[in-house]
Amino acid sequence: MTKNITSYIMPTYGKRKLEIVKGKGVYLYSKDKKKYLDFGSGIAVTSLGHCNSILIKAINEQSKRLWHTSNLYYSESQEKYAALLCKNSFAEKVFFTNSGTESIECGLKVIRSYYYHQSIEKKNIITFEGAFHGRTFAALSAQQNNKYSEFFQPLLPGFIQVPFNDIKSLEKNVNETTAAIMIETIQGEGGIRTVPLSFLDKIKNICIKNDLLFFLDEVQSGFGRSGKLFSYQWSNIEPDIMAIAKGIGSGFPMGACLATNKASTYMTKGTHGSTFGGNPLAVAVGTAVINEIMSKDFLEKVDKVSRYLWKELVSLQNNFNEIVEVRGAGLLLGIKTKSNNAEISNLFETHGLLTIPASDNVVRLSPPLIINKHDVDYAIQIIKKALESN
Ligand code: PLP
């Protein structure tokens, strides 16, 4: 059989032109020897920058000791890492995954198991318009966005979607069949839309009043991106379940589902599993990442630099009609543009700044958490130059 193939990779990402061959700190280098300031972080992933020396050391040392066993065996370092995640959050139990969508999947199983074992007929999970929870069938079913699920019908039943930040609609849709409410604290793919803290409070009250589980998706907003380890920590609420990934490994593919003891009571032997989740390499990198992010002054610096970036972007907005709105929180910011956002993101790229488009015509800025004032000044200078050339 003759094969007529130009690429052996399914073209689900379309045509990809830029080839990155090296990264260091906040910079990336392409095959054609161009240098880019990375304000995308591989979609909010490389929290500690590229080729961070602490992480290189952690993975190198672990790679000489042990790569993989199985979750069938006890691991003291995995226990210690899970304890670190719990001590720094609401959680009392962890399930390790390899990605964000797997963390969501696990959280949904936690919800279903909680009511099933109590013989309570609560199955429906309420989600919000504009949400993005991943690409598995459960995530597609939860976010009910045709853009991602059109070709993959039928989806799973048991998800009810309500408008974003609309308390009346939410209250109207809660009934005796409702099991949980699931929400991103900052909608990432949906266009960097921040959920007001007061809305999180209201959701929590509804959950308490109706005995529902509260499931947060902090896959994109978590791990220091907001200036706190988890963005819900700016509020007064605590969830029952939380999905995390992306920045947790700063580029090592890993994630986790965190839960309270109560919510995860029925996640017992044989109910869930993962061959790779929480393997020794992931645990070594993850432990180094959280230790670094929780080290003295790290998050204060993220908060300070993010406020400076916000201020500079708002002052650009005052000078360029192209910028319709600046939105987001911490180092998960969005510029809503007048022209097509993907074209503006490409324009920034030709001037040496990498950004990533999001929905609602937004150019997303999600730089590594280690950026400093000088990096912000450089990014603003590039954006200015790019918009002047437009
Ligand atoms: N949840 C949110 C909020 C996300 O932003 C993403 C990915 O962008 C996911 C879940 C899915 O994560 P992954 O692509 O690692 O499966």
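First listed ligand is number 1; within each ligand, the first listed atom is number 1. No experiment lies behind these values; they were computed from the predicted model shown. Note: hydrogens, waters and symmetry copies are ignored here, and every other heavy atom, side chains too, is used.
Among I183, L197, I237, the one residue that satisfies the side-chain contact (heavy atoms from CB on, under 4.5 Å) test with Y232 is I237.
Annotation: atom 16 (O) of ligand 1 to nearest protein heavy atom, T101 N, 2.9 Å. Given atom 15 (O) of ligand 1, the protein heavy atom at minimum distance is G100 N, 2.8 Å.
The number of heavy-atom neighbours closer than 6.0 Å to CG of N321, taken from other residues, nucleotides and ligands shown, is 12 or below.
Less than 4.0 angstrom separates some heavy atom of E189 from each of these atoms of ligand 1: 8 (O). For ligand 1, the atoms closer than 4.0 angstrom to any heavy atom of S99 are 15 (O), 16 (O). Taking a cut-off of under 4.0 Å to the non-hydrogen atoms of V219, the atoms of ligand 1 that pass are 1 (N), 2 (C), 4 (C), 6 (C), 9 (C), 10 (C), 12 (O).
Of the polar atoms of D217, at least one N or O is found under 3.5 Å from an N or O of ligand 1, judged by distance alone.
The option from Q220, Q143, E184, K246 that lies nearest to atom 7 (C) of ligand 1, judged by heavy atoms, is K246.
L108 is listed as a side-chain neighbour of F159, based on a closest heavy-atom distance under 4.5 Å.
Note that CD of E176 is 13.0 Å distant from CD1 of I120, once rounded to the nearest 0.5 Å.
Shown here are the side chain to side chain donor-acceptor pair (under 3.5 Å) partners of Q317, two or more places apart in sequence or in another chain: there are none.
Closer than 4.0 Å to atom 5 (O) of ligand 1 lies at least one heavy atom of the protein.
With E19 contributing its side chain and D32 its backbone, the two residues share no donor-acceptor pair below 3.5 Å.
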